[in-house]
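I have placed the structure first, in the form of structure tokens, so that the comments after it can refer back to it.
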Amino acid sequence: MTARATAAKPTAPTPAATKRQAPRSSTAPAPSALLAWYDRHRRRLPWRAEAGRTADPYHVFLSEIMLQQTTVKAVGPYFTDFLRRWPTVRHLAEAPLEEVLSAWAGLGYYARARNLHACAKAVVARHGGHFPADEAALLDLPGIGPYTAAAISAIAFDLKASPVDGNIERVVSRLYAVDEPLPKSKPRIKALAAALTPERRPGDFAQAMMDLGATICTPRSPACPLCPWMEPCTARAEGDPARYPVKAPKGEKPKREGIAFLIVRADGAVLLRTRPDKGLLAKMTEVPSTPWGARPETPATHAPLAARWRPLPGAVEHVFTHFALTLSVLRADVPARTPAPDGHRWVHPSGFDREALPSVMRKVLAHGRIGEG
DNA sequence: AAACCGTGGGT
DNA sequence: TACCCAAGGTT
């Protein structure tokens with residue numbers, strides 16, 4: 001158990017423990033020190049308001065959903081594009097889901113896009129098109145979990161809430177040298193973060209914690225000398241802050257394989273289809289393929305039509321969250337009037353921009369040099 | 001409660 | 001190369 005915060009060890013340490021028995025910090029981390037640092041070093045981000053103001057709740061919502069498990073750099077262009085297409089929640093709520101999915105294509109975790117759309121509709125239906133300034137009501141919305149509800153509460157409404165993301169987990173686990181591994185330590189870290197949150201400027205405080213984690217208290221080699229909380233940091237006092245957060249070991253990543261059917265009509269159109277409503281890449285566009293499994297399938301059993309197949313050299317490699325995929329590609333060139341089988345459609349490369357093509361499928365198309373000219 | 005759900009960049 | 005990591009949520 002035990003964050004060092006509650007484990008006083010005043011007497012002589014045992015030899016075995018010497019290394020990590022560095023003195024506990026004498027001072028508690030002061031929110032004011034972090035806020036002062038934030039006032040000088042806050043990042044300028046597309047969704048962030050000017051200093052001293054709260055951002056538009058829709059902007060905060062949109063950015064927070066996009067930023068789930070996704071880097072600031074990757075989100076930038078998507079955020080700008082979404083805001084241009086759908087300037088308000090109402091616009092987003094009225095958009096066709098297909099357009100939202102195609103705009104999201106490439107960002108990953110596509111359930112977020114489906115939930116984003118559902119959430120926009122719910123905000124219009126339940127709250128008259130205004131995000132509620134209420135953490136519990138936010139939590140009720142699709143796609144908004146404990147982190148995002150707290151983040152919107154704090155950042156958009158300056159309510160006292162304590163979002164805990166990966167950055168804040170890291171900062172807090174170091175401040176208090178939390179030895180228990182994640183994810184088991186989440187409740188303790190959450191409590192420590194909440195206890196740290198000030199009554200004044202809780203929104204800036206949350207963003208300051210994230211900025212600190214992103215720029216100073218980084219995973220590999222934290223820049224402790226630049227940190228406003230260097231002195232009260234227990235991990236720093238111990239001498240090896242990068243040891244935190246402690247994490248449970250990860251399992252093996254299984255391998256799967258499949259065969260994709262790249263069928264090209266004489267006019268250059270490619271045969272595509274939409275994936276099932278649930279599961280991996282739900283409702284996204286795909287190149288037809290065999291099922292993806294641990295063992296190879298018989299191509300003829302799964303090909304959408306009979307054709308003269310030509311194997312393309314090499315293969316497409318793609319790593320998903322929980323498995324690694326190797327896709328070999330069979331190509332067939334078919335006559336201009338070949339009808340699309342049930343559940344399939346012909347799409348010319350000029351129309352790819354309007355398709356919800358995930359990255360793995362763009363790789364397959366690129367592998368066959370489709371859409372290069 | 002543990003599995004599932006993407007992708008690109010950094011080391 | 002192989003692994004880690006990024007403003008997590010849902011089932």
Side-chain angles (χ1 to χ4, degrees), chain A residues 42-43 45-48 55 59-79 101 104-116 118-119 138-156 161-171 182-184 186-187 190 193 203 205-215 217-221 242 245 247-256 275-284 286 292 316-325 356-363:
Chain A
R42 70 199 291 273
R43 289 178 292 174
L45 301 169
W47 43 87
R48 194 171 265 185
H59 298 189
V60 177
F61 158 70
L62 183 57
S63 66
E64 288 301 340
I65 301 298
M66 288 182 167
L67 286 162
Q68 288 168 7
Q69 299 293 285
T70 309
T71 58
V72 165
K73 183 181 177 184
V75 165
Y78 285 85
F79 177 81
L101 286 177
W104 194 278
L107 243 202
Y109 284 144
Y110 298 100
R112 292 185 296 171
R114 288 177 265 122
N115 286 331
L116 180 85
C119 185
L138 288 166
L139 189 55
D140 256 358
L141 268 3
I144 296 186
Y147 163 77
T148 306
I152 296 174
S153 296
I155 298 171
S162 300
V164 178
D165 71 337
N167 288 306
I168 297 178
E169 274 179 358
R170 188 168 57 253
V171 170
L182 285 167
K184 212 177 172 186
K186 277 176 183 286
K190 171 90 179 164
F205 183 77
Q207 295 177 88
M209 293 278 274
M210 297 181 205
D211 279 17
L212 188 71
T215 64
C217 195
T218 54
R220 308 294 185 117
S221 48
K247 297 194 173 182
K250 303 185 175 169
E252 297 274 300
K253 183 157 295 193
K255 297 180 193 299
R256 294 187 197 174
R275 289 178 61 86
D277 290 352
K278 301 191 174 187
L280 186 71
L281 304 175
K283 297 185 182 180
M284 301 295 286
E286 72 172 352
W292 305 342
V316 172
E317 304 282 350
H318 191 80
V319 180
F320 292 97
T321 307
H322 54 295
F323 67 92
L325 177 66
L357 279 166
S359 291
V360 61
M361 292 304 155
R362 291 182 185 273
K363 285 187 188 177

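Residue numbers start from 1 in every chain, and the chains themselves are labelled A, B, ... in the order their sequence lines are given, proteins ahead of strands.
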TODO: Sequence neighbours left out, what passes side chain to side chain contact (heavy atoms under 4.5 Å, CB included) with K247(A)? Give chain and number order.
DONE: L182(A), P245(A)
TODO: Mind checking side chain to side chain contact (heavy atoms under 4.5 Å, CB included) for S359(A) and listing every partner two or more places apart, or none if nothing turns up?
DONE: H318(A)
- [ ] State whether R42(A) and D211(A) are salt-bridged, where the test is any N-O pair (Lys NZ or Arg NE/NH1/NH2 against Asp/Glu carboxylate O) under 4.0 Å.
- [x] no
- [ ] Return the value, rounded to whole Å, for the distance between atom CG of D165(A) and atom P of dG9(C).
- [x] 10 Å
Open item on the list: Rounded to whole Å, how long is the line connecting atom OH of Y147(A) with atom P of dG9(C)?
Closed with: 8 Å
Please work out if [X] contacts a base, only the sugar-phosphate, or nothing of the nucleic acid, heavy-atom cut-off 4.0 Å.
X	value
R43(A)	base
I152(A)	nothing
W104(A)	nothing

Open item on the list: Show the nearest heavy-atom pair for residues C119(A) and F61(A), with the distance to one decimal.
Closed with: SG-CE1, 3.6 Å
Task: Sugar-phosphate or base contact per nucleotide [nucleotides 4-11 of chain B; S, B, -; heavy atom under 4.0 Å] - done: SBBBS---
- [ ] Look at the side-chain N and O atoms of K190(A) and state whether any lies under 4.0 Å from the OP1 or OP2 oxygen of dG8(C).
- [x] no
- [ ] Assess the side chains of R112(A) and Q68(A): does a donor N or O sit below 3.5 Å from an acceptor N or O?
- [x] no
TODO: Could you check Y109(A) against I65(A) for side-chain contact (heavy atoms from CB on, under 4.5 Å), going step by step and ending with a plain yes or no?
DONE: CA-CA 10 Å; Y109(A) 284 144; I65(A) 301 298; over 6 Å; no
Task: Atom C1', compared across dA1(B) and dG9(C): separation rounded to whole Å - done: 14 Å
